[in-house]
Structures are given as C-alpha cells and as structure tokens.
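Below, all heavy atoms of this structure are taken into account, side chains as well, without hydrogens, waters or symmetry copies. Along the sequence shown, residues carry numbers from 1.
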Amino acid sequence: MIHIVSDSTCDLSQELIDRYGITILPLFVHLGSEEYRDGVDITPEDIYKWSDANQTTPRTAAVSIPDTMALFEKLTANGEELICFCISEQMSTTGSVMRLAAEELEKSDRIHVFDSANLSTGVGLLVLEAAEMAAAGKSVQEILSRLEEIRDKVRASFVVDTLTYLHRGGRCSGVAAFAGSKLGLHPIISVQDGKMLAGKKYRGKISRVLMDYAHDLEPAMREARPNRVFITHSGCEKADETAIYQYVESLGIFDEIHITRAGGVISSHCGPGTLGILFIAK
C-alpha cells in the first residue's frame, strides 16, 4: 500500500483530504513566544488579529523531527510505502526534515520525499495526482516519474491585496520595492523554479483587480488540463470569491472547480485578501 502524505501548506480542503485519504503533517506558526500547529490549533483570523495588534508578521517553522518520525513510523508499521510532499525546498527546510526522519528510521527505501517546488494548492495539485495514481494501483516509481513530468507544468499565481506581509517576511523577490507605495498596487505573485516572483502590477479596487487577473489568465487556462482548477484565497469578500468562481465556470474548461482557503502558514506570508487561480498545463 502507498500512503500519500503532505505538509500542511498544500491547502487542500478537508473534503478532498478525506476523499483521497491524504495524511497532513502540520508546519508551525509562532505568534511571539507561542507556538501553534498550522491547521490544528490556529486560524488565519487569529494570525491577522495578532499581526495587526503587534505590527509584525508571525514566524513560521518547518515540521518537527519528532512529529515527522512518529507519523512515518505509524504509517509504515506494516511495510507500507510513503510519498511525502513538501512546500518548495527553496522556501522551507520541511523536505530536509522529512528526509532526515526517514533516515533516522532507516526507511529511506520506503519513504520517498518529493519537492513540489511550489506552495499552497500548487502543492495540492501534485498531491491529488499522486493520490489518484496510487488508488489506481500504480507503483511508487510510476507515480514519482509522473510527478517529475508535470511538476514544471503547475501554474501557481495569486494577487495580493496588501504588500505588507510579503514585505515583512522577505519571501518574494521584487516585492520590497513596492512596499509602502501609496498607488494601490496589487502585483501578481507567481511561483517559478520554486521561488516567488513579482510580476504584472494591477491598480485599483481589489474586486476589479481580481477579475482583471482572471481575464489575463484565460489564455493559460484554455491550455490547462481540464480535470481540476483551484481558486485559493486567504480571506476574500464572498462576492469576489463568487464572481471569480462564476467566471472560471463560464469558460467551460474544467471538470472540477475547487474553492479552498489558505492555511495559517501561507496566510502568514501573503496576508488577507489574497486570491489565486492554480492549475496544471497540458
């Protein structure tokens, strides 16, 4: 049997986690001296409230060695194999922790760590691909080979409502130059080669900006694999979420359109009001 494991940054809904039998390993969010497990005992709203009160951005941390070893030991107790997904190794040491845990357990031959080179549901898209293949009886090597083929085809981008969080966290090249701007700029942040890069800059009210962003993505969406697309946000107005969903649905491209909420780690770095449309190119 093959178990699919992902760190908590995959931002999959509980419905999808349950449907595909995925196991989630949480990263950590630090609010001052207090430590919380992403998706377990802290919410994005808790993070925003603390950040506003303290005028700073929370620290996030990779999964822990003890937690990872305990989970791996449990899931491999009967000889099972694991495929474990981590947020881009350019952004976190989570992948290294997973590999170290496998080595400590002397199970590196059965625990396979895959660098998603992505974040949020960019990771989630790969996780679901692996889960579907495992359910279809494919071998570990067949799954890993397929993941290698499609990893660079994941199209992950999002538009931020506020630049404050990305600027404070220092996670995105080029964003610092925009921080503090009074021009109401909303850059596209895209993931390329495992890193976050700032691209086109929109100006104006976020509701209009999000729709402009969706329209700009239409040519790429028309070249996407039709099985699924994610609309992932860190806390948007319901009207904006609905408008983007209806627009993507109107294109008639995707079999499944999932709206998911970004978890604590991703929200800590992008702040409220961020929304992205994520899919895999053909």
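Contact of the Ile24 side chain with the Cys10 side chain is registered, since non-hydrogen atoms from C-beta on lie closer than 4.5 Å. Contact check for Glu129 versus Leu125: no side-chain heavy atoms found under the 4.5 Å cut-off. In this structure, Arg151 and Asp115 have side chains that are in contact, with non-hydrogen atoms separated by less than 4.5 Å. At least one side-chain heavy atom of Ile244 sits under 4.5 Å from a side-chain heavy atom of Met211. Considering only heavy atoms from C-beta on, Leu12 comes within 4.5 Å of Phe230 through its side chain. Using a 4.5 Å heavy-atom cutoff, the side chains of His30 and Pro58 are not in contact. The closest side-chain heavy-atom distance from Lys200 to Tyr213 is not below 4.5 Å. Contact check for Ser207 versus Glu237: no side-chain heavy atoms found under the 4.5 Å cut-off.
Panel note: side chain His3, backbone Thr76; no donor-acceptor pair is recorded below 3.5 Å. When atom types are taken as modelled, the side chain of Glu106 and the backbone of Glu103 share no donor-acceptor pair closer than 3.5 angstrom. Checking side-chain atoms of Ser250 against main-chain N and O of Tyr247 turns up a donor-acceptor pair under 3.5 Å.
The pair Glu15-Arg19 counts as a salt bridge, with a side-chain nitrogen and a carboxylate oxygen less than 4.0 angstrom apart. No salt bridge links Glu132 with Arg146; every basic N to acidic carboxylate O contact stays at or beyond 4.0 Å.
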### Task
Carefully, step by step, assess Leu82 and Arg110 under the rule side chain to side chain contact (heavy atoms under 4.5 Å, CB included).
CA-CA 6 Å; Leu82 309 184; Arg110 290 195 279 129; over 6 Å; no

### Task
Starting from the C-alpha separation in whole Å, work towards a yes-or-no answer on side chain to side chain contact (heavy atoms under 4.5 Å, CB included) for Phe279 and Arg228.
CA-CA 7 Å; Phe279 50 88; Arg228 66 175 57 91; over 6 Å; no

### Query
Checking side chain to side chain contact (heavy atoms under 4.5 Å, CB included) for the pair Tyr245/Ile259: CA distance, chi angles, key distance, verdict?
CA-CA 8 Å; Tyr245 179 92; Ile259 296 178; 3.7 Å; yes

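What you find for Pro219 and Asp216 is that their closest heavy atoms are CD-O, 3.4 Å. Smallest separation of non-hydrogen atoms from Trp50 and Gly32: CZ2-N, 3.1 Å. Here the closest non-hydrogen pair linking Gly271 and Ser234 is O-OG, 2.6 Å. Across all their heavy atoms, Ser8 and Asp38 have their closest contact at OG-OD2, 2.7 Å. Between Thr93 and Ala62, the shortest heavy-atom distance links the atoms OG1-CB, 3.4 Å. Listed here is the closest heavy atom pair of Ala214 and Ile277: CB-CD1, 3.9 Å.
Expressed to the nearest 0.5 Å, how far CZ of Arg203 lies from NE2 of His186 amounts to 10.0 Å. Here the NE2 atom belonging to His233 is positioned 13.0 Å from the CG atom belonging to Asp161, to the nearest 0.5 angstrom. Separation of atoms CE (Met91) and OG (Ser116) is listed at 8.0 Å; rounding is to 0.5 Å. In this structure, Ile4 CD1 and Phe114 CZ are separated by 11.5 Å, a value rounded to the nearest 0.5 Å.
No path of Ile, Leu, Val, Met, Phe, Trp and Tyr side chains, each step under 4.5 Å between heavy atoms, connects Val63 with Ile17, placing them in separate hydrophobic clusters. In terms of hydrophobic clustering, with Ile, Leu, Val, Met, Phe, Trp and Tyr side chains grouped at heavy-atom distances under 4.5 Å, Met98 and Leu105 are assigned to a common cluster. Under the 4.5 Å side-chain heavy-atom criterion for Ile, Leu, Val, Met, Phe, Trp and Tyr, Val229 and Ile188 are members of the same hydrophobic cluster. Placement of Leu75 and Val97 within a single hydrophobic cluster is found when ILVMFWY residues are connected by side-chain heavy-atom separations under 4.5 Å, directly or transitively. Leu100 and Leu27 fall within a single hydrophobic cluster, where Ile, Leu, Val, Met, Phe, Trp and Tyr are joined by side-chain heavy atoms under 4.5 Å apart, directly or via other members.
With a 6.0 Å radius and a threshold of 12 heavy atoms from other residues, nucleotides or ligands, Lys107 has its NZ atom above the threshold. By the neighbour-count criterion of 12 heavy atoms within 6.0 Å, atom CG of Asp193 is sparsely surrounded, having that number or fewer from other residues, nucleotides or ligands.
Remark: the Asp7 side chain and the Thr9 side chain contain an N/O donor-acceptor pair separated by less than 3.5 Å. Counted by atom type alone, Thr232 and Thr121 present one or more donor-acceptor pairs between their side chains at under 3.5 Å. Judged purely by distance below 3.5 Å, without hydrogens or angles, the side chains of Asp46 and Tyr36 never pair a donor atom with an acceptor atom. In summary, the side chains of Thr60 and His269 do present a donor paired with an acceptor at a separation below 3.5 Å, with no hydrogens or angles considered. Between the side chains of Ser88 and Gln90, no donor N or O sits under 3.5 Å from an acceptor N or O.
Applying side chain to side chain contact (heavy atoms under 4.5 Å, CB included) to Phe158 and the options Ile231, Leu210, Leu275, Leu119 leaves one that passes, Leu119. The side chain to side chain donor-acceptor pair (under 3.5 Å) test with Arg99 is passed by exactly one of Glu104, Glu89, His112: Glu89.
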